[in-house]
Amino acid sequence: MDAPVSSLALRQSGDYVATIGTKFCALNWADQSAVVLATVDKDKKNNRFNDGKVDPAGRYFAGTMGEETAPAVMERHQGSLYSLFPDHHVKKYFDQVDISNGLDWSLDHKIFYYIDSLSYSVDAFDYDLQTGQISNRRSVYKLEKEEQIPDGMCIDTEGKLWVACYNGGRVIRLDPETGKRLQTVKLPVDKTTSCCFGGKDYSEMYVTCARDGLDPDSLLRQPEAGGIFKITGLGVKGIAPYPYAG
């Protein structure tokens with residue numbers, strides 16, 4: 001690809017969709033081609049998409065961010081949150097985003113959870129599944145100092161949120177209704193970036209991490225930085241991802 005690939009999702013008709021640079025694209029795995037479905041942030045040449053995920057109705061939500069001069073360091077408030085509807089039209093929800101990151105929906109599909117990393121907060125919106133409208137933004141969890149920066153996020157079958165903590169070397173489990181942290185799983189790397197459930201019955205958690213920005217001493221201390229980890233024995237399961245309906 002000619003730009004960073006930041007998120008990937010299944011497509012109902014087969015193959016995949018992805019966010020590449022500032023484009024929503026359809027991927028053809030067989031011939032390794034990408035077809036542009038829509039482009040955003042055309043007035044911001046240095047922007048790119050970051051995290052993205054498909055909602056229960058088949059819309060592909062993804063947000064943008066400004067160009068980083070170092071990991072998590074960039075011109076502030078350059079990003080926006082968008083969704084690509086099944087008919088390929090794009091809806092912009094809001095701008096002034098620093099690093100558009102983790103996102104997921106409650107089990108009853110009435111709440112949309114979202115992270116703008118540099119707000120150090122996990123936010124919730126009321127969600128209308130029929131229209132894709134969001135409203136009533138509020139914070140459901142503010143990260144503690146040692147948890148550092150909230151990054152990728154997913155939900156489990158009990159409706160609890162799992163958040164990867166960039167620079168915090170951990171994944172935390174939150175109850176979005178009480179605002180309480182329920183569990184902390186520490187990893188042997190600092191820059192944990194995202195998490196999702198997988199495996200045959202979605203009982204395994206997969207956690208990604210970064211090595212970009214680590215000095216030689218840090219790399220010696222955490223040689224597995226940049227790897228993918230599998231966590232088992234959590235006692236909870238995730239849900240299958242939704243495919244893009246377009």
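Smallest separation of non-hydrogen atoms from Leu84 and Ala38: CD1-CB, 3.9 Å. In terms of heavy-atom proximity, Cys25 sits nearest to Ala34 at CB-CB, 4.4 Å. For the pair Trp105 and Ile155, the tightest heavy-atom approach, listed with the atom from each and the gap, is O-CD1, 3.4 Å. Closest of all the heavy-atom pairs between Pro86 and Ala245 is CG-CB, 3.8 Å. Across all non-hydrogen atoms, the minimal contact from Leu10 to Pro241 is CD1-CG, 4.0 Å.
In this structure, the side chain of Asp116 does not engage the main chain of Ser119 through any donor-acceptor pair within 3.5 Å. When atom types are taken as modelled, the side chain of Asn47 and the backbone of Gln78 share a donor-acceptor pair closer than 3.5 angstrom. Remark: the backbone N or O of Glu158 is paired with a side-chain donor or acceptor of Lys160 at under 3.5 angstrom. Tyr244 places a side-chain N or O within donor-acceptor distance of the main-chain N or O of Phe85, the cut-off being under 3.5 Å.
The environment of Glu146 atom CD is dense: over 12 non-hydrogen atoms of other residues, nucleotides or ligands sit within 6.0 angstrom. No more than 12 heavy atoms of other residues, nucleotides or ligands shown are found within 6.0 angstrom of CG on Asp2. Enclosure of atom CD in Glu75 is not indicated, since only 12 or fewer non-hydrogen atoms of other residues, nucleotides or ligands lie within 6.0 angstrom. Heavy atoms of other residues, nucleotides or ligands lying less than 6.0 angstrom from NZ of Lys110 number 12 at most. Annotation: Asp212, atom CG; neighbour count of heavy atoms from other residues, nucleotides and ligands within 6.0 Å does not exceed 12.
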Let me see the working for Tyr60 and Tyr82 under ring-ring contact (aromatic ring centres under 6.0 Å, His included), right down to the final yes or no. CA-CA 8 Å; Tyr60 190 7; Tyr82 298 94; over 10 Å; no

Please evaluate residues Asn50 and Ser6 with respect to the criterion side chain to side chain donor-acceptor pair (under 3.5 Å), reporting the C-alpha separation (whole Å), side-chain torsions for both, the decisive distance (0.1 Å), and the verdict. CA-CA 5 Å; Asn50 198 41; Ser6 66; 5.5 Å; no

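How far NE2 of His109 is from CG of Leu129: 6.5 Å, rounded to the nearest 0.5 Å.
Counting only N and O atoms by type, the side chains of Ser83 and Tyr93 include a donor and acceptor under 3.5 Å apart.
None of Arg170, Lys186, Arg173, Arg181 except one satisfies the salt bridge (Lys or Arg N to Asp or Glu O under 4.0 Å) rule with Glu147; the exception is Arg181. Each of Ile149, Asp151, Leu143, Val171 was evaluated against Cys165; a single residue qualifies, Leu143, per the side-chain contact (heavy atoms from CB on, under 4.5 Å) test.
In this structure, Tyr127 and Phe61 have perpendicular ring planes: the angle between them is above 60°, well past the 30° mark.
Between Val207 and Ile228 the shortest side-chain heavy-atom distance does not fall below 4.5 Å. Inter-residue side-chain proximity for Asp104 and Lys53 is flagged as met; some heavy-atom pair is nearer than 4.5 Å. At least one side-chain heavy atom of Leu161 sits under 4.5 Å from a side-chain heavy atom of Tyr113. Using a 4.5 Å cut-off on side-chain heavy atoms (C-beta onward), Pro150 and Tyr120 make contact. No side-chain heavy atom of Val17 sits under 4.5 Å from any side-chain heavy atom of Leu27. In this structure, the side chains of Gln222 and Cys209 stay at 4.5 Å or more apart for every pair of heavy atoms.
Salt-bridge formation is not detected for the pair Asp41/Lys23: no Lys NZ or Arg NE/NH1/NH2 atom is positioned less than 4.0 Å from an Asp or Glu carboxylate oxygen. Ion pair Lys237/Asp156 not flagged as a salt bridge, since none of the NZ, NE, NH1 or NH2 atoms sits closer than 4.0 Å to an Asp/Glu carboxylate oxygen. A salt bridge is defined here as a Lys NZ or Arg NE, NH1 or NH2 lying under 4.0 Å from an Asp or Glu carboxylate O, and Lys180 with Asp175 fails to meet this definition. At a threshold of 4.0 Å, the pair Lys44-Glu67 does not count as salt-bridged, since none of the basic side-chain nitrogens sits closer than that to a carboxylate oxygen.
The side-chain contact (heavy atoms from CB on, under 4.5 Å) search around Lys200 returns none, not counting sequence neighbours.
Both the sub-6.0 Å distance and the 45° axial angle are satisfied by Arg137 relative to the ring of Phe94.
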